[in-house]
Amino acid sequence: MAEGGVPYPSVFMVDSHAAYPPLPPKPRPPGRGGVAQSLLFLLVGLALCGLAIEACFIYHLYSNQGSVESGSAGMSIQDHEDIPKEVPPTSRPNPIVLPSKPVAHLTAGPQASHGDGVMVWDMQTEPLLHEMEYKDGKLVIQKEGYYYVYSKIFFSEVNVAFTHSVCRTTPRYLRKDIELLKSRRYYPKSGKMMSTSNSYLGGVFHFFEDDSIFVKVKNSTQVRIHSSTENVFGIYMI
């Protein structure tokens, strides 16, 4: 205070080097930051959901595969236990493929021939007959075409001539049998011991429907029947 009671005016010192107070932050536009943050949270949530679903699928996949493998192993063990250790050969399946064309193969039975010399064939052993008919020692053609015909006879050579032939009957020619193939053996010279021999005939012919083919022998007592494979008769379309 000055002398005489007069107060001095207040003096303030200003520091020109003092730091100014910081400015307040610039306000952001309303709504922009909230949308971006929400979108980010949504994407993160979808990614987590996708991972969780994929993990569930993988878990179920391996669970089902394990159950199938265990079930298959159980069935295999059960099937293996059900199979007998030794299966008889007669019980195995034997699939048969049917021929694509007419065919027949016959073997001789206990009776060699009829009185007229026509060979009789065995029907008790399930002969091969496909699109062919057998009647009274004869094969009846069911389909017109070219066929290969064959016959083999096992016989004894004695002092009597032996004749083996393959013949044909047809509604087109009613007079007599038609010889297609023929083999003739004469008796051996005197002093030669009796022996056995085979006669084989075979050839290709054209047949019509209802034609009949058969084997005929002369002196049927000479025919030897020791095995079903020794005397045969067959035909097949070519």
Side-chain angles (χ1 to χ4, degrees), residues 96-189 192 194-238:
I96 299 177
V97 179
L98 293 179
S100 59
K101 295 181 179 180
V103 61
H105 180 81
L106 309 176
T107 58
Q111 182 182 359
S113 66
H114 292 303
D116 55 0
V118 177
M119 287 287 296
V120 179
W121 306 99
D122 188 8
M123 291 290 105
Q124 303 299 323
T125 57
E126 297 183 0
L128 174 60
L129 282 173
H130 180 69
E131 295 185 3
M132 301 287 294
E133 182 182 353
Y134 177 79
K135 185 177 181 181
D136 296 332
K138 302 178 181 180
L139 290 173
V140 182
I141 304 297
Q142 303 294 309
K143 186 177 181 180
E144 179 184 353
Y146 285 91
Y147 291 80
Y148 181 80
V149 185
Y150 61 91
S151 174
K152 174 186 167 305
I153 299 296
F154 180 61
F155 64 98
S156 299
E157 291 183 336
V158 293
N159 294 334
V160 179
F162 179 78
T163 302
H164 168 211
S165 60
V166 175
C167 302
R168 167 189 181 183
T169 59
T170 174
R172 299 170 179 267
Y173 189 75
L174 301 177
R175 294 184 180 179
K176 62 177 182 178
D177 302 338
I178 302 173
E179 284 188 348
L180 302 178
L181 300 165
K182 187 174 183 179
S183 172
R184 181 178 297 173
R185 296 291 183 92
Y186 295 96
Y187 62 89
K189 296 180 180 180
K192 184 178 180 181
M194 184 182 69
S195 62
T196 56
S197 182
N198 289 282
S199 174
Y200 183 86
L201 299 172
V204 177
F205 302 93
H206 179 270
F207 297 115
F208 294 96
E209 185 179 356
D210 294 329
D211 286 357
S212 297
I213 315 300
F214 59 96
V215 176
K216 195 172 183 179
V217 294
K218 186 177 180 181
N219 296 324
S220 60
T221 56
Q222 296 176 240
V223 178
R224 304 291 90 182
I225 304 178
H226 300 294
S227 172
S228 61
T229 59
E230 292 175 344
N231 301 278
V232 298
F233 173 41
I235 181 174
Y236 58 87
M237 177 180 280
I238 59 176

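Numbers here simply count residues along the sequence, with the first being 1. Any value given below was found using the heavy atoms of this structure, including those in side chains, with hydrogens, waters and symmetry copies removed.
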Legend entry - Ring center gap for Phe233 and Trp121 short of 6.0 angstrom: yes

Legend entry - Pairs involving residues 215-226, ordered by first then second residue, that meet salt bridge (charged side-chain N to carboxylate O under 4.0 Å, His left out) (sequence neighbours left out): none

Inset, instruction - Output every pair passing salt bridge (charged side-chain N to carboxylate O under 4.0 Å, His left out) with a member in residues 141-151, not counting sequence neighbours, ordered by first then second residue. - result: none

Main-chain N/O of [Y] paired with [X] side-chain donor or acceptor, under 3.5 Å:
X: Asn219; Y: Thr221; result: no
X: Asn231; Y: Phe154; result: yes
X: Tyr147; Y: Ile141; result: no

Legend entry - side-chain contact (heavy atoms from CB on, under 4.5 Å) between Ile235 and Phe205, worked out: CA-CA 10 Å; Ile235 181 174; Phe205 302 93; over 6 Å; no

Inset, instruction - Please tell me if the side chains of Leu106 and Met119 come closer than 4.5 Å, counting only heavy atoms from C-beta onward. - result: no

Inset, instruction - Under the ring pair (Phe, Tyr, Trp, His ring centres under 6.0 Å) rule, collect the residues that match up with Phe208, sequence neighbours excluded. - result: His206

Legend entry - Residues that Phe214 engages under ring pair (Phe, Tyr, Trp, His ring centres under 6.0 Å), provided they are two or more places apart: none

Inset, instruction - Might you point out which heavy atoms bring Thr196 and Ser156 nearest each other, and give the distance in Å? - result: CG2-OG, 4.0 Å

Legend entry - Shortest non-hydrogen contact from Thr107 toward Thr125: OG1-OG1, 4.2 Å

Mind checking side-chain hydrogen bond (donor to acceptor under 3.5 Å, both in side chains) for [X] and listing every partner two or more places apart, or none if nothing turns up?
X: His130; value: none
X: Tyr236; value: none
X: Gln142; value: Glu133
X: Ser100; value: none

Legend entry - Partners passing salt bridge (Lys or Arg N to Asp or Glu O under 4.0 Å) against Lys182 (at least two apart in sequence or in another chain): Glu179

Legend entry - Set of salt bridge (Lys or Arg N to Asp or Glu O under 4.0 Å) partners for Arg168, sequence neighbours left out: Asp211

Legend entry - Partners meeting side-chain contact (heavy atoms from CB on, under 4.5 Å) with Ser199 (sequence neighbours left out): Phe155, His164, Ser183

